[in-house]
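Taking it in order: structure first as structure tokens, then the write-up.
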Amino acid sequence: MKAFLILEDGHVFEGTSIGSTREVISEIVFNTSMTGYLEVLTDPSYAGQAVCMTYPLIGNYGICYEDMESKRPWPDGYIVRELSRIPSNFRSQGTIQEFLTKYDIPGIAGIDTRSLTKLLREKGTMNGMITTNENYNIDEIIPKLKEYSVTGVVMATTCKETGHLAGDGFKVALMDLGAKNNIARSLNERGCDVTIYPADTKAETILATNPDGIMLSNGPGDPKECTGIIEEIKKLYDSNVPMFAICLGHQLTALATGADTHKMKYGHRGGNHPVKDLKSGKVYISSQNHGYVVDENTINPDIAEVAFINVNDKTVEGLRYKNGNVFTVQFHPEACPGPKDSGLLFDEFITMMESRRK
Amino acid sequence: MPRDNSIKKVLVIGSGPIVIGQAAEFDYAGTQACRSLKEEGIEVVLVNSNPATIMTDKDIADKVYIEPLTAKVLEQLIIKEKPDSVLPTLGGQAGLNLGMELAESGFLEKQGVRLIGTTAETIKKAEDRLEFKNTMEKIGEPVAPSLVVENVEDGIAFTNKIGYPVVLRPAYTLGGSGGGIAHNLQELTDILENGLRLSRVGQVLVERCIAGWKEIEYEVMRDSAGNCITVCNMENIDPVGVHTGDSIVVAPSQTLGDKEYQMLRTSALNIISELNITGGCNVQYALNPESFEYCVIEVNPRVSRSSALASKATGYPIAKVAAKIAIGYTLDEIKNAITGKTYASFEPMLDYCVVKIPRLPFDKFITAKRTLTTQMKATGEVMSICTNFEGGLMKAIRSLEQHVESLRDYDFTGLDDEQLDEQLGKVDDRRIWVIAEALRRGFSYEKIHDITKIDNWFIDKLAIITEMEHALETEELTEELLKEAKRIEFPDTFIAKLTGKTADEIKALRKQYNITAGFKMVDTCAAEFEATTPYYYSTYGVDNEVIETHPEKKVLVLGSGPIRIGQGIEFDYCSVHSTWAFKNAGYETIIINNNPETVSTDFDIADKLYFEPLTPEDVENIVDIEKPDGAVVQFGGQTAIKLTEALMKMGVPILGTKAEDVDAAEDRELFDAILEQCQIPRPAGHTVFTTEQAQKAAHELGYPVLVRPSYVLGGQGMQIATSDEEIAEFMEIINRIAQDHPILVDKYLVGKEIEVDAICDGENILIPGIMEHIERAGVHSGDSISVYPAQSLTQKTIDTIEEYTRRLAMALHVKGMINIQFIVCNEEVYVIEVNPRSSRTVPYISKVTGIPIVKLATRAIIGEKITDMGYKPGLQPKADYIAIKMPVFSFEKLRGAEISLGPEMKSTGECLGIAKTFEEALYKAFIGAGVNLPRHKKMIITVNDADKKDAISIGRRFEALGYEVYATRSTAKVLQENGVHAIRVNKLNQEAPTVIDLILEHKIDVVVDTPTQGRDKTRDGFLIRRYAIETGVNCFTSLDTVNALLTSLESTAKDELTLIDIATVG
């Protein structure tokens, strides 16, 4: 069946429908990872977005459910150049075609994904519609596309109930803002006893459990929309409990402490972004997925300093707070997909909790 | 960390002559590195014995020494030039070994010179089998159970413990020389004995066989601050067991999930960190397809063939970045030259699929074993880029220039199912064609996978191709079907064949449906950042991304495709220089080529690079978009010449010599007419079709005669016949491939062979110099030792040659280059071959005369006159030096190949000897080619009857040098009768010890064996030659070569060599 991707600037791509045939309006973003399509699909940070994979051959190794980064796929739509006819891998449990259908995710294949990526790069992230309706009326659709914005996605993706991963090490409270599984897993692997809280949990509830450390996860959407959560994070910050935050968590902490964020032209999504640790001078290749960034010149030097920058565009990739208990990063040390080079940041968090205990 | 300012003068070691396993990729790497160092204001001294390279040009390095690559020469050079640093990691295994040798002997320390790029400890940790294993164990990286052995007994004992089959890998050899897989005691003993001898340190690794696992490679980089990145990973379609250089390789990996991809990536970074490498490194893995189990196969702590491929596949210039790292920069300080915005400390992301196919030499060595093993056999490779794998494969197949354009061109339809089963089990260069046939017959993926161990994903892709073949044959050619066929890159000619239409009809249909190729950019970042480097590939069903340019003048330079015997790196040298000359003249330059190893496919050589097959259809796609003002075909070898007619049809003017004149030089009748008009004699000859006609012609001319098909490259199929039987044999071989043109039978003249390259501007000619071959006519010019200036010609002959060259250039209306081969026989000059194009000798003669031939030829093509270029027309004065070009062979890599020299070219590369005297130049040339004598002072001579007389003086001269001379029965008799104390040895069928036993004792320096004719592999001579080659003995089949060797051994020049900076010549 034919499918169409209609962009708010009037561009139309014609391809083949994959997955669900329902019509969807979404923010269109691209991801440059060459492997890890399932991890991308199940990353809650893509809620409210349709993701275009720049690597043209997707589905080659099938679907392996244990690689899912959350309980279900989150993108509203999926855009690829070509889906493999057969999956081939010893762990494969199914095809991506079946997976998309199962979760009712509409998608489009067979389009010039590079052309789309260039458009997004040049004009910035745009909204778009994926439809199988051949008789679409572009004049009616475009105003709808312009109107759309990604909202309410944190509450849509966060867990509904508290979860727990038992460990005999530090007690870590993980605030699930739309978390990838591997954050909890990375902590748990290091012995941590991890309690996962829904995003609307009050700071008092968390602090009452007397955790050794607080972890703020990644998550979708515009950080400034999360006003209630920011309030709670402010309280967590003031508690002086060691805190480590990733991606949305990093942005929210910055907002909670007086800095500002802004939307980037087309964001960073992929597994090849170099981030430089300004203290050691070392460069790590990192996994990234964000459309917003902390504004460097709104950071109060008395509160925080830039700890990591992006080597390419020099944007803020991490902050170290002057209270000595908090550090936050924009990128994803938990990887999945992507390089594990910065995984040692979890160790740093452990060290922080250790020194606090002493 | 900014650059280390204590580095001011660097000696860069090149990789020497092109041999199998070490080819043009190191010219690419070295050239990039030298330019990268010079850009930093560092004085670069370059040493490389290979004159055909671009890196040995005086504009690439400040000082250029085309000298033999031996430790002794390098020591002398370091004392002379006093560099502060030596960079050994860009000259392949040869460069690395030399750097290591200089470091280990303490010489570098004594001279206060340091190795940069990597340390001796690092090299040792990566290259020494035992140290490598210990290092891997230390950091918990798995290696297959293995043991380093130094004798056969230990190898057998260990194998008995771990079980057959085992893989054997000699330490410190290139291209896996001497390695292999042993399935039984006999194979184990054979390979082990050979490997121990070939290893520089007498070590061989015996290892658990992991054949059948996925073979995956990572190209990684690290700087002195410890920052690491992976440039690219690659997956071999052929599982472990086939050398990666002989495998079909795809980038990035296709069948690995993120977990596997990251697991191996992390491992590669751990390894490069532990080895403390600063620069580029290649790590090869075997990955169990049924689990996460993996083994590290090998680590190369240097740039390699794979890194050249990775550079071209991603756009990330590994060698350039490696050179910057070597002088102290960190990755985040080095700009990404493609985007100009990002930095070298990031990982390229591909939004396309790259396929590499090796170019194997079995078309030249018809007796060689086609089996692919861990011993590399390919001479070169092609790469293609497409948005899908099937298309990438189809594009790569037609880039091979092996008379293949599809999965139907090796025909296995004649086999029954059982035979096909068996054929599937044979690991050779035609395996994907066999699989395609199996798929057509309905063999299941599982069955094919069980036999070949090739991943089902790839088998399915091959099936998509065979299904499309079937659809085109059986279904109506709708717009949709045609679109789909083009999406997976079926060429029009193949679609035409399958649909029963003509290629022109298919083209018209495409036009009608508006199915045209679009071009996309290779930008390292999957379009995430804007890139300005116009490096393009084509694919169907996309928007065109080519940045439109409208310069005043635009020229298309056609490259020469894969490196193969007969068309080597020389033509890349010519293409690149021509491109630069056009650039200088204000042209916008466009290069089309498909060889990832070359300088020409570096993104900053031409203004635009199209990485595409060199077929008329693919070229036309580019012409349609670029609309060049002209194309130049005379520098890209036969590949480019073959496109002449097609280009003219597209309306692209051919710059330089016109197509009809090129044709006149190749067409026998037209050419005869021209010779007659110019009053130039050629050896008498006839054109024939049948064996009877050939024999009749031979009787008329008198034996010996030269038999060959017309329109051939590199003398393919050419033979000297001395009898009716031989004529019958050769005609049968020639006619195995249907001949469109008559077969030529010419009188074979025994004389001196002379070669001339000249430039003609339409009015005048310029001859940089005359070359004389050491071997008499009959040995292909590419396989002959070539001497400049010619040593034995009278002034009258020289004048005649100059005059004939002028006449021929004028008669053929040459504008640009012409190459002519003459035979001088009894003071009479005959023309035997004329090529109105650039030749193999152009780089060599340019360097030794100091005359920039390609540049001048290009200016002549543009319309300048020789007199305006500052040269006096005619033959130029002789240089002050004697320069000798020595052919280099790779016979030891090709089991079963016939090594005797003849009219068909067999050498893979060349080296230079340049000196003030003939003897010293000759000595340097032999040393450069690896003939380093004397060692054991024993030699064997066995010659055919015709050569017996000449053998006497050879025996005498060896004896005078203190050699023990061994000879087979009849040769020994002649020698003894003439006062040579020859020791008689038995032939193969006589009782032991035979000549073979003598060779296997490893105490023989030289075997001289002149062959009786024929390709019968059971003959004694063939076996003697193969045994000699495979045990590393110098084996010569032309007495002229042996006489030259003796001259060099007898001379005292070798005691003290004078090193010559080529940049000061001319």
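All values below were derived from every heavy atom in this structure, side-chain atoms included, with hydrogens, water molecules and symmetry-related copies excluded. Each chain gets a letter, A, B and so on, in the order the sequences are listed, and its residues count up from 1.
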(request) Measure distances from B:Asp523 to the heavy atoms of chain A and classify the residue's part below 4.5 Å as side chain, backbone, both or neither. (result) side chain
(message) Heavy-atom pairs under 4.5 Å with chain B: which of A:Pro87, A:Gly36, A:Gly338 has the most?
(response) A:Gly338
(request) Kindly give the heavy-atom pair with the smallest separation between B:Ser273 and B:Cys228, and that separation in Å. (result) OG-SG, 3.5 Å
(request) For chain B, find which of A:Thr117, A:Thr32, A:Leu38, A:Ile111 contributes the most heavy-atom pairs closer than 4.5 angstrom. (result) A:Thr32
(message) Report which part of A:Ser33 has an atom under 4.5 Å of a heavy atom belonging to chain B: side chain, backbone, both, or neither.
(response) backbone
(message) Using a 4.5 angstrom heavy-atom cutoff, name the option from B:Asp460, B:Thr342, B:Asn456, B:Val542 with the most pairs to chain A.
(response) B:Asp460
(request) Pick one of side chain, backbone, both or neither for A:Cys64, based on which atoms fall under 4.5 Å of a heavy atom in chain B. (result) neither
(request) Would you please indicate if the ring centroids of B:Phe389 and B:Phe458 are separated by under 6.0 Å? (result) yes
(request) Would you mind telling me which of B:Arg487, B:Lys520, B:Lys341 has the largest number of heavy-atom pairs within less than 4.5 Å of chain A? (result) B:Lys520
(message) Test your reading of the model: is there a side-chain donor-acceptor pair from A:Lys279 to the backbone of A:Ala307, 3.5 Å cut-off?
(response) no
(message) Does either side chain, that of A:Asn89 or that of B:Glu260, offer a donor lying less than 3.5 Å from an acceptor on the other one?
(response) yes
(request) Compute whether any side-chain donor of one residue and acceptor of the other, for B:Asn336 and B:Thr524, lie under 3.5 angstrom apart. (result) yes
(message) I'd like to know if A:Lys340 pairs up with A:Glu189 as an ion pair, taking the criterion as any Lys NZ or Arg NE/NH1/NH2 lying under 4.0 Å from an Asp or Glu carboxylate oxygen.
(response) no
(message) Can you tell me which of A:Leu120, A:Asp341, A:Thr113, A:Asp313 forms the most heavy-atom pairs within a distance under 4.5 Å of chain B?
(response) A:Asp341
(message) Would you say B:Glu141 and B:Ser267 are linked by a side-chain donor-acceptor pair, where the criterion is simply a distance under 3.5 Å?
(response) yes
(message) If I compare all heavy atoms of B:Glu528 with all of A:Gly267, which pair ends up nearest, and what's the gap?
(response) OE2-O, 4.2 Å
(message) Report which part of A:Phe30 has an atom under 4.5 Å of a heavy atom belonging to chain B: side chain, backbone, both, or neither.
(response) side chain
(request) Give the C-alpha distance, both sets of side-chain angles, the deciding distance and a yes or no for side chain to side chain donor-acceptor pair (under 3.5 Å) between A:Gln330 and A:Glu317. (result) CA-CA 5 Å; A:Gln330 182 61 72; A:Glu317 289 284 1; 5.9 Å; no
(request) Measure B:Tyr540 against the heavy atoms of chain A and call it side chain, backbone, both or neither at under 4.5 Å. (result) backbone
(message) If you count heavy-atom pairs within less than 4.5 Å of chain A, which of B:Cys353, B:Ala527, B:Pro289, B:Ser253 leads?
(response) B:Ala527
(message) For B:Phe346 and B:Tyr316, take the angle between the two ring planes, folded into 0 to 90°, and tell me which bin it lands in: parallel under 30, tilted 30 to 60, perpendicular over 60.
(response) tilted
(request) Could you tell me which portion of A:Lys276 (side chain, backbone, both or neither) has an atom closer than 4.5 angstrom to a non-hydrogen atom of chain B? (result) side chain
(message) Counting only non-hydrogen atoms closer than 4.5 Å, does A:Tyr266 touch chain B with its backbone (N, CA, C, O), its side chain (CB onward), both, or neither?
(response) side chain
(message) Between A:Ile86 and chain B, with a heavy-atom cut-off of 4.5 Å, which part of the residue counts as in contact: side chain, backbone, both or neither?
(response) both
(message) Less than 4.5 Å to any heavy atom of chain A: does that hold for the side chain of B:Tyr343, its backbone, both, or neither?
(response) both
(message) Which one wins on heavy-atom pair count under 4.5 Å against chain B: A:Ile285, A:Asp67, A:Val311?
(response) A:Ile285
(message) Report which part of B:Leu256 has an atom under 4.5 Å of a heavy atom belonging to chain A: side chain, backbone, both, or neither.
(response) backbone
(request) For the pair A:Phe99 and A:Tyr65, name the ring-plane relationship: parallel under 30°, tilted 30 to 60°, perpendicular over 60°. (result) tilted
(message) Quick one, A:Asn289 and A:Val29 - any side-chain contact, counting heavy atoms below 4.5 Å?
(response) no
(message) Is A:Lys314 close to chain B through its backbone or its side chain, or both, or neither, when contacts mean heavy atoms under 4.5 Å?
(response) side chain
(message) Taking every non-hydrogen pair under 4.5 Å, which of B:Gly541, B:Gly518, B:Ala526 racks up the most with chain A?
(response) B:Ala526
